[in-house]
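Here the structure comes first, spelled out in structure tokens, and everything after it is commentary.
Every chain is numbered from 1 and lettered A, B, ... according to where its sequence line falls, protein lines coming before strand lines.
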Number of protein chains: 2
Amino acid sequence: MTTTKRGRPRSFDREVALVQATLLFWQHGYEGTSVADLTAAMGISPPSLYAAFGDKRALFTEVVDRYGSTFGAFMGNALAEESDARTGFARMLDEAAVSYTDPTHPAGCLVISAATNYSPATADVERDLRTRRAANIGSFEERLNEAKALGSLPAGTDTRALAVYFAAVVQGLSQQARDGATTEELRRVAAYAMAVWPDPSS
Amino acid sequence: MTTTKRGRPRSFDREVALVQATLLFWQHGYEGTSVADLTAAMGISPPSLYAAFGDKRALFTEVVDRYGSTFGAFMGNALAEESDARTGFARMLDEAAVSYTDPTHPAGCLVISAATNYSPATADVERDLRTRRAANIGSFEERLNEAKALGSLPAGTDTRALAVYFAAVVQGLSQQARDGATTEELRRVAAYAMAVWPDPSS
DNA sequence: TGGATTTTACAGCGATCGCTAAAGAATGCG
DNA sequence: CGCATTCTTTAGCGATCGCTGTAAAATCCA
């Protein structure tokens with residue numbers, strides 16, 4: 001019943017190769033990373049890449065999926081694990097400031113910066129990332145609506161605008177990190193940004 | 001003394017061609033816009049483009065310079081024309097929300113979004129835009145320091161962090177606009193963002 | 001051991017990239 | 001007019017793009 005692996009075994013670690021690809025796409029974006037760059041970093045030849053991952057587009061999708069469940073997981077975690085919404089958003093922004101400037105990997109957020117200049121050839125890649133960002137805003141708004149229902153946000157709060165605001169701040173932090181801002185600078189920015197949180201007694 | 005123009009006259013309007021190039025670079029970014037795209041939009045052949053503008057890189061620089069004195073001029077104007085700093089920043093954010101979603105031209109800010117994915121080949125382009133963004137933050141900080149000296153900001157205000165905050169919000173507005181946010185949405189975000197402004201009585 | 005299976009490296013496909021040599025066309029000057 | 005000057009078009013340069021045909025190498029099963 002147990003089926004054994006037939007044929008010549010793969011000569012490289014698929015997971016390690018995926019991490020290498022992640023770092024390249026993260027730093028240079030989808031268009032800015034060539035298949036030659038990828039194969040060089042992975043230490044394999046093009047046919048091996050195509051056999052293991054499909055094509056460049058499919059590899060990128062796999063990279064982004066993995067990114068969301070690893071480097072990008074702090075966002076959802078902060079909102080989900082903190083019972084107080086305000087504390088959750090504050091933690092999310094502060095952790096973004098720290099993560100986006102972490103010197104052990106490229107700066108900023110891959111989902112935000114990997115496909116910003118949409119040419120016709122990469123329109124679907126951009127649409128994909130845009131959809132993920134929209135889903136993010138949706139989860140922000142959902143969390144804010146929850147808080148409003150519980151009374152920790154004023155009844156008149158414009159949760160849609162507030163959700164877009166937080167998304168904009170996160171994107172701003174990502175861009176600033178890529179522009180060379182320091183961790184401490186961005187943490188202070190994150191702290192400032194939380195001053196927008198509406199007074200629940202109003 | 002007056003030197004007359006010799007040789008065959010140019011068959012296209014240089015200013016009009018520059019605007020066409022601006023729209024392309026604005027929408028698709030530096031790398032995402034090919035010379036073939038440019039010549040097609042301008043209605044000219046490659047040698048004419050190179051004779052009139054140098055090369056793709058020089059054309060882009062000219063486009064960005066022109067952008068700063070036209071589409072992007074509202075920023076400096078808002079800060080310079082309003083005697084009250086808070087009013088100036090509020091106006092800047094609100095006008096950014098309107099301008100970045102103006103349907104008569106591509107969404108967002110060209111300086112922010114035209115070169116985000118830095119490959120080795122375009123490293124100097126990115127450095128150029130990064131320098132311009134840094135100069136922007138510097139002018140923000142300068143304006144805030146001025147306000148602090150005049151007492152319209154608390155003495156303990158972290159003007160550096162506040163300047164980076166406003167830059168981050170502007171970049172967030174640009175990104176959100178490119179992601180399809182509406183004018184009204186972004187204006188509400190801009191209004192929310194001003195809540196960070198420190199209470200001068202504290 | 002022989003055959004089926006899978007991955008490997010080598011080489012190169014057509015298309016596009018930024019850019020330019022070459023020669024003809026349109027002007028002002030003398 | 002004849003010449004110098006400048007812009008024009010045609011055509012194509014070498015390099016790189018994403019991707020693949022081909023055949024040898026390495027494994028498991030019978």
Side-chain angles (χ1 to χ4, degrees), chain A residues 1-18 20-21 24-25 28-63 114-115 117-126, chain B residues 1-18 20-21 24-25 28-63 114-115 117-126:
Chain A
M1 207 55 177
T2 62
T3 58
T4 319
K5 203 61 167 313
R6 297 267 293 247
R8 178 172 177 171
R10 182 174 288 129
S11 66
F12 62 95
D13 187 327
R14 198 178 183 280
E15 279 301 311
V16 172
L18 202 55
Q20 300 297 329
L24 282 182
F25 280 131
H28 303 117
Y30 179 76
E31 277 199 307
T33 304
S34 70
V35 173
D37 293 334
L38 291 164
T39 54
M42 297 173 175
I44 61 179
S45 53
S48 296
L49 185 151
Y50 282 82
F53 299 102
D55 60 3
K56 185 187 175 186
R57 179 72 179 84
L59 170 59
F60 181 73
T61 298
E62 195 167 340
V63 160
N117 311 129
Y118 47 105
S119 50
T122 59
D124 62 326
V125 177
E126 314 219 19
Chain B
M1 208 57 176
T2 61
T3 57
T4 320
K5 203 67 167 308
R6 298 264 294 248
R8 177 172 179 171
R10 184 174 285 129
S11 66
F12 61 96
D13 187 327
R14 199 178 183 280
E15 278 302 310
V16 172
L18 203 54
Q20 300 298 329
L24 283 182
F25 280 131
H28 303 117
Y30 180 77
E31 278 199 308
T33 305
S34 70
V35 173
D37 293 335
L38 291 164
T39 55
M42 297 175 176
I44 61 178
S45 52
S48 295
L49 185 150
Y50 281 83
F53 299 102
D55 60 1
K56 185 187 176 186
R57 179 73 178 81
L59 170 59
F60 181 73
T61 299
E62 195 167 341
V63 160
N117 311 130
Y118 47 107
S119 51
T122 60
D124 62 326
V125 177
E126 313 218 20

Contact nearer the 5' end of DNA chain D, comparing B:S48 with A:S34: B:S48
Return the value, rounded to whole Å, for the distance between atom [atom1] of [X] and atom [atom2] of [N].
X	N	atom1	atom2	value
A:D37	D:dG18	CG	C1'	12 Å
B:E31	C:dT16	CD	C1'	14 Å
B:L24	C:dC17	CG	C1'	16 Å
B:L49	C:dG18	CG	P	11 Å
A:R8	C:dG3	CZ	P	21 Å
B:F12	C:dA26	CZ	P	17 Å
A:I44	D:dT20	CD1	C1'	15 Å
B:F60	C:dC19	CZ	P	14 Å

Check every atom of [options] against the side chain of [X] and return the nucleotide holding the closest atom.
X	options	answer
B:P46	D:dT8, C:dC19, C:dT8	C:dC19
B:Y50	C:dT8, D:dC19, C:dT20	C:dT20
B:R6	C:dT5, D:dT5, D:dG18	D:dT5
B:K56	C:dC19, D:dA26, D:dT20	C:dC19
B:V35	C:dG18, C:dA25, D:dC19	C:dG18

Any side-chain heavy atom of B:E62 sitting closer than 4.5 Å to one from B:F53? yes
Any side-chain heavy atom of B:D37 within less than 4.5 Å of one from B:H28? no
Can you tell me if B:T39 uses its side chain to pair, donor with acceptor, with the backbone of B:A36 under 3.5 Å? yes
Earlier contact from the 5' end, DNA chain C, for A:S11 and B:T33: A:S11
Sorted by position of nearest nucleotide on DNA chain C, 5' first, the leading residue of B:R57 and A:G43 is A:G43
Determine the contact category for [X]: base if any of its heavy atoms lies under 4.0 Å from a base atom, sugar-phosphate if only primed atoms, P, OP1 or OP2 are that close, otherwise nothing.
X	answer
B:P9	sugar-phosphate
B:S45	base
A:T39	nothing

Between the CD atom in B:Q20 and the CD1 atom in B:I44, the distance rounded to the nearest 0.5 Å is 10.5 Å
Lys/Arg cation over aromatic B:F25: B:K56, 6.0 Å, 45° cone: no
